[in-house]
Amino acid sequence: MNVSKMDCEISEFSTVVTVSDQVSSDLGGEAVILNMKTGIYHGLNEVGAKIWDLIEQPKTVKEIQNLLVEEYEVEPEVCKNDLLSLLKSLQSVGLIEVKNDTAA
């Protein structure tokens, strides 16, 4: 079953991964990403770049959150809200795929 990238709701149990139609580069700890379909560049700060690196391989939102809480001084709930906000932004511009497994 192929689920559209744009229609999938993101939760802490969702699996996210970067799309193949993009090229990214590290610029001094920040990331610049070119969406090959639209020709639009997107920039991420240091934490955003860390998240981008993490999702080059499929990971659940919860896995990413746990890694960020370990690495940065941030409350888990604040981290979760900021992470979901960033992932929704990346999803809205077509840079990530989101999958929700309904089978446990």
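Note: hydrogens, waters and symmetry copies are ignored here, and every other heavy atom, side chains too, is used.
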Shortest non-hydrogen contact between Ser11 and Asn100, atoms and distance: OG-OD1, 4.3 Å
Pairing residues for Lys99 by the salt bridge (Lys or Arg N to Asp or Glu O under 4.0 Å) criterion, not counting sequence neighbours: Glu97
Non-neighbouring partners of Asp53 that pass side-chain contact (heavy atoms from CB on, under 4.5 Å), sequence neighbours left out: Glu56
Criterion side-chain contact (heavy atoms from CB on, under 4.5 Å) on Lys59 and Thr15, from CA distance to verdict: CA-CA 5 Å; Lys59 292 208 176 19; Thr15 299; 5.9 Å; no
Residues that Ala31 engages under side-chain contact (heavy atoms from CB on, under 4.5 Å), provided they are two or more places apart: Leu44, Ala49
Heavy-atom side-chain proximity of Leu87 to Leu83 below 4.5 angstrom: yes
Heavy-atom closest contact (Val17 atom, Gln57 atom, distance): CG2-C, 4.0 Å
Donor-acceptor pair, side chain of Asn35 and main chain of Val93, under 3.5 angstrom: yes
Residues that Tyr41 engages under side-chain contact (heavy atoms from CB on, under 4.5 Å), provided they are two or more places apart: Val32, Leu34
Considering all heavy atoms, the nearest Val98-Ser14 contact: CG1-CB, 3.9 Å
Tell me which donor-acceptor pairs under 3.5 Å the side chains of residues 66-78 have, and how far apart each pair is, sequence neighbours excluded?
unit_1 : atom_1 : unit_2 : atom_2 : d
Asn66  : ND2    : Lys62  : O      : 3.4
Glu71  : OE1    : Lys50  : NZ     : 3.2

Any pair counted as side-chain hydrogen bond (donor to acceptor under 3.5 Å, both in side chains), so long as it reaches residues 23-32, sequence neighbours left out: Ser24-Trp52
